[in-house]
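First up is the structure itself, then whatever we jot down about it.
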2 protein chains.
Amino acid sequence: MRISELAKLAGVTPRTIRYYEDLGLLQASDRQGTGFRYYTEDELERLQKINLLKTLGLTLDEISSVIPLLFEEPRKLAGKQMLLDILKGHLQAIDQQVDSLTQLRTELQERIELIQQWIDRQASQK
Amino acid sequence: MRISELAKLAGVTPRTIRYYEDLGLLQASDRQGTGFRYYTEDELERLQKINLLKTLGLTLDEISSVIPLLFEEPRKLAGKQMLLDILKGHLQAIDQQVDSLTQLRTELQERIELIQQWIDRQASQK
DNA sequence: ACTTACCTTTACGTTAACGTTATACTTTAA
DNA sequence: TTAAAGTATAACGTTAACGTAAAGGTAAGT
């Protein structure tokens, strides 16, 4: 597929895809010289993963350091204990984020009930 | 306390605090004319909440719409069913984000184990 | 070969969220 | 009451993550 189709499927614009290519985040699977860029399902999957990481609050810079660890073949990554530590660091960050979200969730829930009570009380008062 | 102390406690700069004031996100508890701004624990708590929401990926604009619902007294919010719906929307968004994080967590975990196996295999091979 | 619809690069523009001066004013302590 | 340390406003600067417009190149069908 070409760039516009990929863009639609991923919910972004062609400009965004080219921008990611400049950053080294996403390469076209086929390209001859300065011709059109062609993509496959693999690039779509990778792009969707990038979008997911963005909604989780990561910058493109941070994503650049995580994405390879998720898509590169293990044997190319192996031999580097450091990478394992980085991944484990991300794991911890995720756990902490889940904790924060869970706490915020509780707080929101309490607030909702409080306001609901207020509404109910006003309704029964007239 | 004054602006610099609040800034330190919250891990931001004074500039950031004034910027939030411009956006209507955080008001000083005491202010005479153009004199110094004074803050209390309440503002610290609110500022920390803002920081939390930021790490969760919300923009300051989005935070502006959530913060009042968390800190305003219920009776001022009541009477507006709409607000309840907004809060419930945020609840759903949080649940979805937790799901995404959980899935990413699993993926990371699998990756870690894969790489670990590779390292172990290489170690036992010499 | 030619049209049509997309695509290419280049380059300047935009917005959010502050950083960084510069200049003047407030507080507090001596 | 004056010196030192912190703070005030105003205004221009910066970076990330694209948007947008211009000028030309490509691919596919006819």
Side-chain angles (χ1 to χ4, degrees), chain A residues 1-40 43-44 46-68 90 93 97 100, chain B residues 1-44 46-68 90 93 97 100:
Chain A
M1 73 183 93
R2 300 199 296 212
I3 196 167
S4 282
E5 191 178 350
L6 175 64
K8 262 193 186 169
L9 291 177
V12 302
T13 69
R15 165 77 236 241
T16 299
I17 295 177
R18 296 199 194 95
Y19 179 57
Y20 288 177
E21 185 175 321
D22 284 352
L23 299 184
L25 262 176
L26 183 72
Q27 308 299 329
S29 76
D30 189 17
R31 187 95 196 264
Q32 12 251 351
T34 177
F36 292 2
R37 297 171 173 83
Y38 292 97
Y39 301 91
T40 72
E43 281 79 40
L44 174 58
R46 187 174 174 119
L47 184 47
Q48 285 170 334
K49 186 71 67 181
I50 292 174
N51 282 336
L52 173 66
L53 292 173
K54 272 189 49 187
T55 70
L56 300 182
L58 300 207
T59 67
L60 293 183
D61 204 50
E62 293 165 327
I63 293 176
S64 296
S65 74
V66 184
I67 279 279
H90 285 300
Q97 199 164 352
S100 297
Chain B
M1 73 183 95
R2 300 199 297 209
I3 197 170
S4 283
E5 191 179 350
L6 176 65
K8 263 193 185 169
L9 291 177
V12 302
T13 69
R15 166 77 235 242
T16 299
I17 296 177
R18 296 198 195 95
Y19 179 57
Y20 288 177
E21 185 176 319
D22 284 352
L23 298 184
L25 262 177
L26 182 71
Q27 308 299 328
S29 77
D30 189 16
R31 187 98 196 264
Q32 10 252 354
T34 178
F36 291 3
R37 296 171 174 84
Y38 292 95
Y39 301 90
T40 72
E41 294 291 322
D42 287 357
E43 282 80 38
L44 174 58
R46 187 173 175 119
L47 184 47
Q48 285 170 335
K49 186 70 68 183
I50 293 174
N51 282 337
L52 174 66
L53 292 173
K54 271 188 51 187
T55 71
L56 299 182
L58 300 208
T59 68
L60 292 183
D61 205 49
E62 292 166 329
I63 293 176
S64 296
S65 75
V66 184
I67 278 278
H90 285 299
Q97 198 163 354
S100 298

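Chain letters run A, B, ... following the sequence lines, proteins first and then strands; every chain starts at 1.
- The backbone N or O of A:Gly35 lies less than 3.5 Å from a partner atom in the side chain of A:Arg31, making a donor-acceptor pair.
- At a threshold of 4.5 Å between non-hydrogen side-chain atoms, the residues A:Tyr39 and A:Ile17 count as touching.
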In residues 58-66 of chain A, what donor-acceptor pairs under 3.5 Å come from side-chain atoms, sequence neighbours left out?
unit_1: A:Thr59; atom_1: OG1; unit_2: A:Asp61; atom_2: N; d: 3.4
unit_1: A:Thr59; atom_1: OG1; unit_2: A:Glu62; atom_2: N; d: 3.1
unit_1: A:Thr59; atom_1: OG1; unit_2: A:Glu62; atom_2: OE1; d: 3.4
unit_1: A:Glu62; atom_1: OE1; unit_2: A:Thr59; atom_2: N; d: 2.8
unit_1: A:Ser64; atom_1: OG; unit_2: A:Leu60; atom_2: O; d: 2.8
unit_1: A:Ser65; atom_1: OG; unit_2: A:Glu62; atom_2: O; d: 2.8

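- Applying the side chain to side chain contact (heavy atoms under 4.5 Å, CB included) test to B:Ser100 and every residue at least two apart in sequence or in another chain returns A:Leu52, A:Leu56.
- In this structure, A:Leu23 places its CG atom 10 Å from C1' of D:dC18, rounding to the nearest Å.
- Annotation: side chain to side chain donor-acceptor pair (under 3.5 Å) contacts involving residues 17-29 of chain A, sequence neighbours excluded, comprise A:Glu21-A:Arg37.
- Whole-Å rounding puts the A:Ile63 CD1 to D:dC18 C1' distance at 14 Å.
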So if I define the base as every atom that isn't primed, P, OP1 or OP2, how would nucleotides 25-30 of chain D read as a B/S/- string at a heavy-atom cutoff under 4.0 Å? BBS---
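- B:Asp30 and B:Gln32 get closest at one heavy-atom pair: OD2-NE2, 3.8 Å.
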Determine, step by step, whether A:Met1 and A:Ile3 satisfy the side chain to side chain contact (heavy atoms under 4.5 Å, CB included) criterion, reporting the C-alpha distance in whole Å, the side-chain angles of both residues, the deciding distance to 0.1 Å, and the verdict. CA-CA 7 Å; A:Met1 73 183 93; A:Ile3 196 167; over 6 Å; no
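- Interatomic distance, CG of B:Leu25 versus CD1 of B:Ile50, reported as 4.5 Å (0.5 Å rounding).
- Counting heavy atoms from C-beta outward, A:Ile67 and A:Arg46 have side chains that approach closer than 4.5 Å.
- In the 5' to 3' direction, nucleotides of DNA chain C lying under 4.0 Å from heavy atoms of chain A begin and end at C:dC6 to C:dA11.
- Between A:Ser4 and A:Pro14 the shortest heavy-atom distance is OG-CG, 4.0 Å.
- Within residues 10-20 of chain B, the residues that place at least one heavy atom under 4.0 Å from DNA chain D are, in residue-number order, B:Arg15, B:Arg18.
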